[in-house]
Amino acid sequence: MKAFEGRIGLIWSGLLLASVLALPWFKGGAIGASALAEGVAGRAWLLPLVAVAVALTALTFLTRNWRVHQAAAALVGAGLAWLILQGFGIGLRGPALPGIELLFPAAAAGQPGFGWGAWLAGVALIGALAEVLAARGFCRGERFAAFSIVGIVAALTLFVFFPILKLMSAAFIAPDGTLSALPFLARITAADLWSVGCLTGAGRCGVVINSVVLGVLSAAFATALGLALALLVARTDFRMKRALRAISILPIITPPFVVGVAIIVLFGRTGVVTVEVAEWFGVRPSRWVYGLPGILMAQVLAFAPVTFLVILSALEAINPTLEEASTTLGARPVTTFRTVTWPLLRPALAAAFLLAFIESLADFGNAIVLGGSYDVLSTKIFFAVVGAQYDLGQAATLSVLLLALTVAAFWVQTRWLGRASYVTVTGKSDAGLVAPMPLLIKWAAVAAVLPFVIFTAGVYMIVLIGGFVTDIARLEMSPTFGHIWTAFSFEVGDRGLQLFGSAWDSMITTLWVSALSAPLTMGIGILTAWLIARQDFAGKRAFEFGTLLSFAIPGTVVGVSYIAAFNVPPIDMTGTLWILVICFVFRNLPVGMRAGIAALAQIDRSMEEASQTMGAGGGRVLADVVLPLIRPAIFTALVYSFVTAMTAVSAVIFLVSARHNMATAYIMGRVENGEYALAIAYSTVLMLVMVVCVALMNLAVGRRKLGRRTAVTGTAQPAQ
Amino acid sequence: MYRRFTLAAATALALLPVSTFAQSNELVLYCSVGEEWCRAQSEAFSRETGINVLMTRKSSGETFAQIKAEEGQPRGDVWWGGTGDPHLQAAQEGLTEEYKSPMLAELQAWAVGQAETSGFRTVGIYAGALGFGYNSTLVTENPPACWKDLLDARYKEDIQVANPNSSGTSYTMLATMVQLMGEDEAFAYLKDLHANINQYTKSGSAPIRAAATGESAIGIVFMHDAVAQTVEGAPIVTVAPCEGTGYEVGSMSLIKGGPNPEAAKAWYEWALSAKAQEIGATAKSFQVPSNSNAATPPEAPKLADIKLIDYDFAKYGSSEVRTALLARWDAEIGALPK
């Protein structure tokens, strides 16, 4: 056992040695071009890393337990520091930091980005660092947990914090490349951001004003509609409850842009509805839908289901005895609603409002299809990056603004919900009857919901048939599979199977990205949840905050920050498949984590402790005890990350390339070009693929099987 | 269960290199003509050579911006199609490769002229005149025939044109107006026209698509784009403005330092051949091909029948003039209230 202890973590020094001696160090390097070979050939700054690798390996063999040896800590620390310093210090075209060329004259020629060798060397050093920390008592010496924490922190630093910092610094870079606060101040005070000209009639409004106006209106309408839906479902004998719940799932699997396109088909200048109404009133059909009205319509349609679910769970959690008491005391239904139900709903309404507000700020797809001349932050950022006026500094400045707005909204949300107590579900009996809805409110709710249902039905009708008729925009309704064939044609000929359809490339990439990112997101998310719920370690609060931060960042900002951070060495990843996968993993991580934490909270620790007592290590406990018990959370995390990877657009639109195009980016191009039918046809296929894949995942993961004899009662379900 | 995932992940990793790193026999094409033509052309090339074409369609202004942004590490091989001005600007900034194709002998004079202007860093592949198209169900009486007719208050909020920053079509219009009227008069005209514009689109051909579906009444585009809509059955009437108009020489450039230079040259030679240039007509693109042996589609607007100005490609394709005109457009037109 003693002899074995000294060899613990041998894998890391072995990996480190292999990565500097055998693997290609630089991106695109040949097999023999290792750090040693490159170092000897002139890039002398790589040699210290080789020395660290050799020394660390020697240490594992020469000492009894290298992990507690002082030299090990020093070596690992120095190795990591040098890896980072040389990577950032010497760029593609030469030294990025002054003075380096004095030390290493060869640095003037520059160096390419990290390749396999450099990446694995980083992983090995992180692993060794975890071993050294664990040996010093971090995580009570639990090696698996220590490695997980150090690894996740390193990944978050690299893929969440570093890009954001890089983005912020890009906002301060002047057009000539120098760093100064002046361009940032000039950009951030520009009139096209803050102008209120449209209110006074003296010109256009700034994009920030536009975004906030849109966000507030959209959130207000969505919340009102969500409230109406929730009241109808929870408090009346309304017949269509199941249908309403089903409708609330739809926006989640609807690819972006199709709703916008359907709205144009219905309400555009030659839209079915517009033409009818214009004839009715004898006026000329107008382009009224392009701009605020159109975006607002699409957003309310998309966000109302979310607000509905938030408000519904709050409404169902209200203890009916309170309302019953009010009624017994003689209050009229309206009074009960106003003095009991409404105050108890307020936090949920606020939460729903802020949620919709944040979503509206981040929304890109609807704004770009229906925006017309109405600019919002997310589209303005997009044009600053992909437009002909390529200006990363401008995009970065706008992104910082958008981030500030979003974080402020998050902050208000947590502040608001953190204060008063709204607990009404207690251990005591809650056998009361819910108060009847005041008639006035009931009819108001019906009046609000009815147009929504008709509207949703209309939009999805267009989506359903639009891909299979000649041209829905011109109402040429002869059935055809031509659009599907344009997208997905193939041929089996002399050269084997050849895929000629224009959508194949993007479809295959999308499936790859989704299939790779979903298990990774799930794995890291559940692991993070387990660490937070079950491990005690220094800096746990900061760790939890860090994982949540990536959720608060709007997709557009993530996209721009990834371009700013990963377009140049050392981490040169734009244009690869991996940048897409990584983007999704870290954006969706918090969802898997939240699901995992909620599931773990319901499982008693004693089972894991029993397993540990029997001698299982952290990893074994997680695999054999915890994971089988939290299958529903695993399923949620898998499905969410899979579906998001197929439908998200705001971040990936910046990260796609000719080689790796994504379905949503492809659809956007078709919409931009007016090829609505093709866009709709592709979206239909995408939705079908999603449904099939989710069903397959359900089969693979399955439900949790518990050997229960009696059902558990009496535990209140926390509000979701 | 997690073993199953491990297995799946391992399989995925094992398969991945095949799809990700297979670099040979590929061509990364930046395409700036209509999507349908881009598709048909890439497909025909793959069929003939077996080289897999990775095609991205973006408007010419955007493609220029992308190539400039990727200057450090070019990711595209060929930039095919799109108006000549941004190609000339790319040539001037050294973003594209000098190459003299043996096919030059077969090309029309204007196509060779484009190559000579750029020091053989680009070459003409087709030509088309600027004009506009109107929807004949929306514009029934006294249809517009001249640029000045577009200022009529009847067309308030009813005309679409692209944003010259992103679209080469729209930049050609800007440059044409400056050459027709003089710079200050051109901007005065565009300012008056602004009242009738309902949206400055990103893509150059989007305005005529909007007119075809009736979302807008008039679209200012290249005439062949308007003709394509008519061929598809839309009620679009194509107009060659009476005052005279500019034209484009759609161009092709090899991107300097692209990842697949061999395949790029194969595409270049092929794209200049008569056979390849006749593909456009099958994809409803009715430009005039630059290879003199290629048949001009019967639907194509005849350049001889249109009053063409003597468009100064060297001047209006240069960086300084282009940047200055676009900056003035942003300040005087783009910033106007809408």
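Chain naming here is simple, since letters A, B, ... match the order of the sequence lines and numbering starts at 1 in each. Values below: all heavy atoms of this structure, side chains included; hydrogens, waters and symmetry mates excluded.
A salt bridge links B/R39 with A/E675; the closest basic N to acidic carboxylate O contact falls under 4.0 Å. Here B/R154 does not pair with B/E141 in a salt bridge; the nearest charged N to carboxylate O distance is not below 4.0 Å.
Within residues 75-85 of chain B, the residues having any heavy atom less than 4.5 Å from a heavy atom of chain A are, in residue-number order, B/R75.
With respect to chain B, the highest number of heavy-atom pairs below 4.5 Å among A/G575, A/S502, A/G669 belongs to A/S502.
For the atom pair CG of B/L326 and CG of B/N165, the computed distance is 5.0 Å after rounding to the nearest 0.5 Å.
Neither the backbone nor the side chain of A/S286 comes within contact range of chain B, judged by heavy atoms closer than 4.5 Å. Only the side chain of A/D572 has a heavy atom closer than 4.5 Å to any heavy atom of chain B. Heavy-atom distances place the side chain of B/S205, and not its backbone, under 4.5 Å from chain A. Only the side chain of B/L138 comes within contact range of chain A, judged by heavy atoms closer than 4.5 Å. Heavy atoms of A/L678 lying under 4.5 Å from chain B belong exclusively to its side chain. Contacts between B/A234 and chain A at a heavy-atom distance below 4.5 Å involve backbone atoms as well as side-chain atoms. If you measure heavy-atom distances from A/N661 to chain B, you find no contacts under 4.5 Å at all. Using a 4.5 Å cut-off between heavy atoms, A/Y374 makes no contact with chain B at all.
Pairs engaging residues 27-90 of chain B under the disulfide (SG to SG under 2.5 Å) rule: B/C31-B/C38 [sequence neighbours left out].
Residues A/P569 and A/P112 have side chains not in contact (no heavy-atom distance under 4.5 Å, counting atoms from C-beta outward).
B/E93 and B/S319 are linked by a side-chain donor-acceptor pair at a separation below 3.5 angstrom, with hydrogens and angles left out of the test.
With sequence neighbours excluded, the residues forming a ring pair (Phe, Tyr, Trp, His ring centres under 6.0 Å) with B/F222 are B/H224, listed by chain and number. With sequence neighbours excluded, no residue forms a ring pair (Phe, Tyr, Trp, His ring centres under 6.0 Å) with A/F500.
In the displayed structure, A/R620 atom CZ is contacted under 6.0 Å by at most 12 heavy atoms of other residues, nucleotides or ligands.
Between A/H483 and A/Y676, the ring centre distance reaches or exceeds 6.0 Å.
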